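Below you'll find the structure, written out as structure tokens, and then a few comments.
Given the structure is predicted, the values throughout are model-derived calculations rather than measurements. Just so it is clear: chains get the letters A, B, ... in the order the sequence lines come, proteins before strands, and each one is counted from 1.
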Number of protein chains: 2
Amino acid sequence: MTTPLSATSSHDSSHVKLLAQAQQACQKKGARLTKTREQVFLLLAKRKGAVGAYDLLAELKELDAAAKPATIYRALDFLSKQGFVHKIESINAFIMCHHFGDCNHPVQLLICDECGHVEEIQSNNFDLALRSMADANGFTISHQIVEAHGHCKACQ
Amino acid sequence: MTTPLSATSSHDSSHVKLLAQAQQACQKKGARLTKTREQVFLLLAKRKGAVGAYDLLAELKELDAAAKPATIYRALDFLSKQGFVHKIESINAFIMCHHFGDCNHPVQLLICDECGHVEEIQSNNFDLALRSMADANGFTISHQIVEAHGHCKACQ
DNA sequence: TTGCTCAGTGTAACATTATACCAATACAAA
DNA sequence: TTTGTATTGGTATAATGTTACACTGAGCAA
Ligand SMILES: [Zn+2]
Ligand SMILES: [Zn+2]
Ligand SMILES: [Zn+2]
Ligand SMILES: [Zn+2]
């Protein structure tokens, strides 16, 4: 922990706004957005797409040379629980959520196998359809994983 | 490869029927259901639920002491491609599909976090909903992952 | 302030899941 | 048979994820 947080900022400030949202959300819930968690948050926010835990760890190490796997997984756990970040199960990667506030919303992802782009889409209908289907089986959903692989608009 | 295949059979014969279906499907497609692939198929068919690759490997080793991780992963790859088996991404496990014939059908799973039971459900509506949502984003789906976690009927 | 408590962290080791590589072999087509 | 391709054997290693335990440091009550 030698490098100041300011060193992680850049000319682009959209991620700073995201961070502010996150800080506010944490304050409301009494969750502690510690330095490491904030660093990982910013690394994810600055990323365009998804990133693996160990790639993220490599980046974090530039800010905190002592970082270890547990460091990054703890931070990712925390950020996931707050709903700031989603894990993509089918590619073992993580991606910043740009719709948080609603901390436990259903997640639907379109993953381009060509360029790696990941789009998070929003559909309550879809969520409802899944739930009603589960209901019909007497099943109660606590968490859903919806990940569609294929080709994005740009890669047709 | 010392133990004869017949040693894998038991009093229950439902999996034998499944195997016959699989053999037929492979013949149609010119796919080779080799001895190892068949052994893995039967191990999965006899299982009630999902199983991890290394657990399956342990079972396979009783039939073929020389089996290695690559052995099981190759077999699982093959069986997945034929649509006989589905990988459950969110728990790194594999489960026999009981609806094959339609080799690349959409898969929707209900996974009980309490008892581990996995139910494969069928919904073309659901598939259509996902595809139309993807269409709206100019995205073409080649493979979809839908895994709902929660509690099954028996574990409410 | 002092001491208590507990979430969070540092650190190392470990566990699990999956693939790369290359040689050997089996199979099918020519 | 020859030739090309799919499959397998065998070793090692990559990639991903978890646990255990001691320690720190912020928040809080006395
Ligand atoms: Zn989201
Ligand atoms: Zn693309
Ligand atoms: Zn199926
Ligand atoms: Zn259950």
Using whole Å, report how far [atom1] of [X] lies from [atom2] of [N].
| X | N | atom1 | atom2 | answer |
| --- | --- | --- | --- | --- |
| A:Leu57 | D:dA14 | CG | C1' | 15 Å |
| A:Leu76 | C:dG8 | CG | P | 15 Å |
| B:Leu33 | C:dA26 | CG | P | 18 Å |
| B:Ile72 | C:dT16 | CD1 | P | 16 Å |
| B:Arg37 | D:dG9 | CZ | C1' | 14 Å |
| B:Asp55 | C:dT16 | CG | P | 9 Å |
| A:Gln27 | D:dG27 | CD | C1' | 15 Å |
| A:Ile91 | D:dG17 | CD1 | P | 11 Å |

* Asked: Any side-chain N or O of B:Lys35 under 4.0 Å from OP1/OP2 of D:dT8?
  -> no
* To do: State whether B:Thr34 places a side-chain N or O below 4.0 Å from either non-bridging phosphate oxygen (OP1 or OP2) of C:dA26.
  => no
* Nearest 0.5 Å, what's the CG-CG distance between A:Leu60 and A:Leu42? -> 11.0 Å
* CD on A:Gln144 to NE2 on A:His105, rounded to 0.5 Å -> 10.0 Å
* To do: Identify which nucleotide among C:dT9, C:dA18, C:dT19 has an atom closest to any side-chain atom of A:Thr36, counting heavy atoms from C-beta outward.
  => C:dT9
* What nucleotide among D:dT18, C:dT11, D:dT11 has an atom nearest to a side-chain atom of A:Lys68? -> C:dT11
* Asked: Going by modelled atom types, is there a donor-acceptor pair between the base of D:dA14 and the side chain of A:Tyr54 at under 3.5 Å?
  -> no
* Asked: Looking at A:His149, A:Gln156, A:Lys153, which one forms a side chain to side chain donor-acceptor pair (under 3.5 Å) with B:Thr140?
  -> A:Gln156
* Asked: Same hydrophobic cluster for A:Ile111 and A:Ile121, using side-chain heavy-atom links shorter than 4.5 Å among ILVMFWY?
  -> no
* Indicate, with a heavy-atom threshold strictly under 4.0 Å, whether A:Ala67 touches base, sugar-phosphate, or nothing. => nothing
* Structure fact -> Paired with B:Val85, the side-chain contact (heavy atoms from CB on, under 4.5 Å) test is passed by just one of B:Ile95, B:Asp77, B:Leu44, namely B:Leu44
* Asked: Start at the 5' end of DNA chain D and walk down; is the nucleotide closest to B:Asn92 or to B:Thr71 reached first?
  -> B:Thr71
* Map A:Arg32 and B:Arg74 onto DNA chain D by nearest heavy atom, then report which one ends up closer to the 5' terminus. => B:Arg74
* Structure fact -> Between A:Phe78 and A:Ala70, the residue closer to the 5' end of DNA chain C by nearest nucleotide is A:Phe78
* **C:dT19 base stacked by B:Tyr73 (centroids within less than 5.5 Å, tilt under 30°)** => no
